[in-house]
Amino acid sequence: MQRELYTEEHEDFRESVRAFLAKEVIPHHARWEQQGIVDRDAWLAAGRAGLLGLAVDEQYGGGGSPDFRFAAVLAEEFTRAGASGLAVGLHNDIIGPYLTGLATEEQKRRWLPGFCSGELISAIAMTEPDTGSDLQAIRTTAVDAGDHYVLNGSKTFISNGILADLVVVVAKTTEEGGAHGLSLLVVERGMPGFERGRNLDKIGQKAQDTAELFFQDVRVPKANLLGEENQGFLYLMRNLAQERLAIAVAAIAGAEFVLEETTAYVKQRTAFGRPLAKLQHVRFEIAELATECAVTRAFVDRCVLEHNRYSLTPVDASMAKWWATELQKRTADRCLQLHGGSGYMSDSAVARAFTDGRVQTIYGGTTEIMKEIVGRSLLG
Ligand SMILES: Cc1cc2nc3c(=O)[nH]c(=O)nc-3n(C[C@H](O)[C@H](O)[C@H](O)COP(=O)(O)OP(=O)(O)OC[C@H]3O[C@@H](n4cnc5c(N)ncnc54)[C@H](O)[C@@H]3O)c2cc1C
């Protein structure tokens with residue numbers, strides 16, 4: 001079906017993303033998966049290709065376009081390529097808005113050029129060993145000590161955790177913490193007392209460095225506070241809609257990709273003397289999934305346009321996130337079944353879609369938390 005969302009300019013950009021993936025990512029991905037982390041050089045290559053900081057002002061080296069459709073194209077192509085290691089979407093769409101929206105002019109000049117060139121890789125650290133969904137229960141503390149904060153605590157499951165040079169850390173700046181007592185501090189590589197823990201062993205996204213972070217009496221200058229003190233929870237809530245939309249965009253692209261692969265597979269695989277595609281059960285499976293993908297695509301595309309008009313509501317973003325990621329999970333599972341034993345082999349595209357995509361219903365707010373948000377809006 002013709003998609004109305006994109007113009008020629010977006011399709012040209014898609015070609016450049018594909019060329020980047022073919023040259024700089026796909027040939028290296030298997031090795032990155034083995035080593036559990038991408039090469040730093042890949043980030044610099046992404047910067048040179050103009051893929052970092054799409055929405056950042058050109059004066060800081062960014063793409064200068066707030067049009068989220070470019071971000072959507074990037075997410076679609078990275079997902080289709082199975083390029084789960086190089087977390088460009090996280091960097092651009094999830095951490096980027098904290099820097100462009102909250103940083104002072106001095107902070108922007110300090111961080112944004114490196115953010116756009118790939119010299120400064122970013123991460124955001126909300127989740128802790130004892131709390132994930134419940135952000136108000138964050139225990140990491142940042143105590144005011146005049147011109148700096150003293151940061152203590154630990155974080156876990158942090159994407160880009162090993163490679164990150166800038167980590168937006170969510171910490172308590174009041175005794176109570178919670179909705180009115182959290183702040184966002186940028187912790188930089190090399191600050192004394194900032195240590196990385198394990199690069200965590202996951203069931204998918206093997207080339208992504210997801211790590212533990214530890215902070216022991218880290219002196220974080222006040223000049224590294226993002227936005228206002230104690231407003232951190234508000235900033236998180238404000239930016240989470242874009243994070244959820246970005247995940248939904250990748251999710252529907254992932255579902256479509258695995259369905260395409262499977263449609264091709266069932267046409268050429270034979271059983272009992274004829275192609276699988278001639279069996280009614282298989283035809284119904286493909287028909288159902290194609291319908292679900294088409295319906296989901298329409299909603300997610302609409303959300304992208306709403307977001308471009310600054311009118312995407314947190315509720316719609318939550319609906320898109322839980323629905324599209326659950327569809328991605330279901331589609332990968334059903335398509336794996338249609339591949340039989342070959343679908344269970346680690347190097348098959350469908351197996352990778354199954355394991356890499358599984359986390360999508362968990363991070364960025366779980367399906368259950370998304371339903372809570374939707375339910376609250378309807379029922380109070
Ligand atoms: C690969 C990966 C990358 C990640 N990257 C990052 C990152 O870069 N930065 C970061 O800060 N975090 C990151 N996370 C953490 C992720 O955001 C959390 O895992 C997620 O928010 C869930 O938190 P939790 O793991 O503590 O689960 P919990 O909050 O303990 O939830 C466990 C279960 O209980 C359910 N549950 C909890 N509360 C409710 C409720 N009120 N109603 C109904 N059900 C509920 C959940 O839905 C879930 O099913 C990442 C996680 C993974 C796996």
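Just so it is clear, the values below take in all heavy atoms, side chains as well, and ignore hydrogens, waters and symmetry mates. As the structure lists them, so they are numbered: ligands from 1, and atoms in each ligand from 1.
Ring geometry for F20 versus F78: interplanar angle under 30°, hence parallel rather than tilted (30 to 60°).
Screening residues 92-105 for salt bridge (Lys or Arg N to Asp or Glu O under 4.0 Å), with sequence neighbours left out, gives E105-R109.
At distances below 3.5 Å, not a single donor-acceptor pair connects side-chain atoms of R244 with backbone N or O atoms of A320.
A donor atom on one side chain and an acceptor atom on the other are not found under 3.5 Å apart for Q360 and D356.
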Note down each nitrogen or oxygen pair, ligand 1 side and protein side, whose separation is under 3.5 Å; give only atom names and the distance to 0.1 Å.
unit_1: ligand 1; atom_1: 5 (N); unit_2: F157; atom_2: O; d: 2.8
unit_1: ligand 1; atom_1: 5 (N); unit_2: S159; atom_2: OG; d: 2.8
unit_1: ligand 1; atom_1: 8 (O); unit_2: S159; atom_2: N; d: 3.0
unit_1: ligand 1; atom_1: 8 (O); unit_2: S159; atom_2: OG; d: 3.3
unit_1: ligand 1; atom_1: 9 (N); unit_2: I124; atom_2: O; d: 2.8
unit_1: ligand 1; atom_1: 11 (O); unit_2: M126; atom_2: N; d: 2.8
unit_1: ligand 1; atom_1: 11 (O); unit_2: T127; atom_2: N; d: 2.9
unit_1: ligand 1; atom_1: 11 (O); unit_2: T127; atom_2: OG1; d: 3.2
unit_1: ligand 1; atom_1: 12 (N); unit_2: T127; atom_2: OG1; d: 2.7
unit_1: ligand 1; atom_1: 14 (N); unit_2: F157; atom_2: O; d: 3.3
unit_1: ligand 1; atom_1: 23 (O); unit_2: S133; atom_2: N; d: 3.4
unit_1: ligand 1; atom_1: 26 (O); unit_2: G132; atom_2: N; d: 3.2
unit_1: ligand 1; atom_1: 29 (O); unit_2: S133; atom_2: N; d: 3.0
unit_1: ligand 1; atom_1: 29 (O); unit_2: S133; atom_2: OG; d: 2.6
unit_1: ligand 1; atom_1: 47 (O); unit_2: T366; atom_2: OG1; d: 2.7
unit_1: ligand 1; atom_1: 47 (O); unit_2: E368; atom_2: OE1; d: 2.6
unit_1: ligand 1; atom_1: 49 (O); unit_2: E368; atom_2: OE1; d: 3.4

Review item, side-chain donor-acceptor pairs of residues 233-240, under 3.5 Å, at least two apart:
unit_1: Y235; atom_1: OH; unit_2: E228; atom_2: N; d: 2.8

List the atom pairs, with distances to 0.1 Å, where a side-chain N or O of residues 286-303 and a protein N or O form a donor-acceptor pair under 3.5 Å, not counting sequence neighbours.
unit_1: E288; atom_1: OE1; unit_2: R334; atom_2: NH2; d: 2.8
unit_1: T291; atom_1: OG1; unit_2: A287; atom_2: O; d: 2.7
unit_1: E292; atom_1: OE1; unit_2: R330; atom_2: NE; d: 3.4
unit_1: E292; atom_1: OE1; unit_2: R330; atom_2: NH2; d: 2.3
unit_1: T296; atom_1: OG1; unit_2: E292; atom_2: O; d: 2.6
unit_1: T296; atom_1: OG1; unit_2: W323; atom_2: NE1; d: 2.8
unit_1: R297; atom_1: NE; unit_2: E256; atom_2: OE2; d: 2.9
unit_1: R297; atom_1: NH1; unit_2: D301; atom_2: OD1; d: 3.0
unit_1: R297; atom_1: NH2; unit_2: E256; atom_2: OE1; d: 2.8
unit_1: R297; atom_1: NH2; unit_2: E256; atom_2: OE2; d: 3.4
unit_1: D301; atom_1: OD1; unit_2: R3; atom_2: NH2; d: 2.9
unit_1: D301; atom_1: OD2; unit_2: R3; atom_2: NE; d: 3.3
unit_1: D301; atom_1: OD2; unit_2: R3; atom_2: NH2; d: 3.3

